[in-house]
Amino acid sequence: MAEGRVERRLTAILAADVAGYSRLIGVDEEGTLAALRALRRELIDPGIAEHKGRIVKTTGDGLLVEFASVVDALRCAAAVQGAMAERNGPTPADRRIEFRIGIHQGDVVIEDDDIFGDGVNVAARLEGLAEPGGICVSARVQEDAAGRLDLAFEDLGEQALKNIARPVRVYRVGPLPSRPHAGGTQAVQPALPLPDKPSIAVLPFANMSGDPEQEYFADGMVEEIITALSKIRWFFVIARNSTFTYKGHAVDVKQVGRELGVRYVLEGSVRKSGNRIRLTAQLVEAATGNHVWAERYDRDLADIFAVQDEITERVVAAIEPELYAAEQVRSQSKPPDSLDAWECVIRALSLIGQGTRDENTEAEALCRRAIAIAPGYGRAHSLLAWALLRRSDWSSDIKIIVPEASAEARIALGLDERDPWAHLAQGVVLFRMRQPGDAERAFRRAIDLNPNFALAHARLATSLTVQGSYQEAIDSAEHALRLSPRDRPVGTYASIAMAMVHLVAGRYPECVTSVRNVIEKSPEWLQGHAVLTAALGLAGDLTAAAEARDTLLRLRPDYSLTWMLQNSVDTGRLTDRLREGLRKAGVPEA
């Protein structure tokens, strides 16, 4: 009978506590308590009230708050964490008060203005998963809030939470390396160190035309500027696949500078109307937010490529005047006369950067279309070669793909020997043909042409690995990740190189960690699952190895030790370790 009178409701629950509270109290009890009281009075309580929340209860270092709306709860959490990050700016790291926040939407029991039940427990467990200054939410929250707030969500997968019967899918909110920045509403991440030479990130230009079909035009402008800047050996230029993760988001250039580790940020906008174009660009010193240079260009559409050259030269002149005198920035290759072909290649380049199977398939089709329109467009051939080779990562037979990819790479080199993508594709072809030394030379040529070509550095790492140059392979992989920390394909190849080095060295737990990073970025990549299966087998974790083996065989039912040997690039220690680990995991001999 009592059970019938229980009051229940669906609500959004926010749980928060202070990270390292015991340590802070131990260092300065009175000061910490006074600071917390001030935070409650000046920031937290007003913020909760502003977003229509109700404080259910407090502990010494924590809060439990309910909201009628998931959006209100998440907006409140983001605002509090953003304000806390700003407030903590001048405070030494070991004295900062930083909150961890978890948010869940669930059914709760109401009793004397308190709330109980699994909904509350899940929110508390999510708070425990959050980093200091960070926010973790459940899938229910993510589903309701995605697209309604200027925040990004990183999928952490299903998590087993203490005393919760079923796994909960968890998302992390905020400016982590693998997700877009949301404009000053999250905790400040540790800044990457600045390189010892001028460093710049070129952000996607805003399309002000009001026509979504003109996105390629703005993206193409940015691509040409990045390519031209990258040809200057004295510059450290962040790859486009990392800068383009900021596309469509309000950004703070100071935060971009910290996240990407650059001194300068170039941003701008493009407005196209009829046969006229207006482009604005501004160069900002990231650490201070000061404008170094700004310009507006009004041109006829026919002058667009001259405008690209002019902007690039002006940017170089603003950053390092002496470099401008030493080497004029000139485009080494131009798009074909047909803008339609250029549009295809720009869109294909964006899809390739996303690194997934479906996007790669679409990119391949776009490259073929560009070639049909303009057969002499070298970049279309080199990107098609790359898309074909990338397709082979998803269980396709390399013997079928290599001849066409090789032919496309040769055509691209014949049309433009200075195209770094053509040398990259040629290098992968040679690598797949078990010529890692020749592949290494092709990758190094791509890097000579574009020292900031992160993908070439990552593929060089894989070539060095199978040749036994393990330390150089690690250095190359780490440099690739530094050049493009948000890039899915770069992360995939750099991580697999490091995983293979760990495998050969017998560091199986480190190998498993690296290769799981690969699988997270490319869930259907056969090689990643093979290395994971072998590492678990060699580590003696046969239960996990069997699960990995089953996944491997689902992706390619005919996978066997014989198939692996026939398709392996390496014929030395790496293959021996793979074969040994796969055999222990129960992979069939033939």
Would you say Thr243's side chain and Val202's backbone share a donor-acceptor pair under 3.5 angstrom? yes
Close side-chain approach of Ile115 and Val109, heavy atoms under 4.5 Å: no
OG1 (Thr280) and CD (Glu267) are apart, to the nearest 0.5 Å, by 9.0 Å
With side chains defined as the heavy atoms from C-beta onward, is the minimum distance between Val512 and Pro509 less than 4.5 Å? no
CD of Glu50 to CZ of Arg75: how many Å apart, nearest 0.5 Å? 9.5 Å
Ser230 side chain to Arg240 side chain, donor-acceptor N/O pair below 3.5 angstrom: no
Nearest 0.5 Å, please: how far is CG in Leu481 from OG in Ser476? 9.5 Å
Determine whether the side chains of Tyr246 and Glu259 contain a donor N or O and an acceptor N or O closer than 3.5 Å. yes
So CD1 of Ile103 and CG of Asp72: to nearest 0.5 Å the spacing works out to 10.5 Å
Donor-acceptor pair, side chain of Arg516 and main chain of Cys511, under 3.5 angstrom: no
With rounding to the nearest 0.5 angstrom, report the CG to CG distance, Leu455 to Asn241. 8.0 Å
For residues Ala38 and Arg87, report the shortest heavy-atom separation together with the two atoms involved. CB-NH2, 4.3 Å
Separation between CG (Leu24) and CZ (Arg96), nearest 0.5 Å, reads 12.0 Å
For Thr227 and Glu223, which I'm curious about, is there any donor-acceptor pair between the side chains at under 3.5 Å? yes
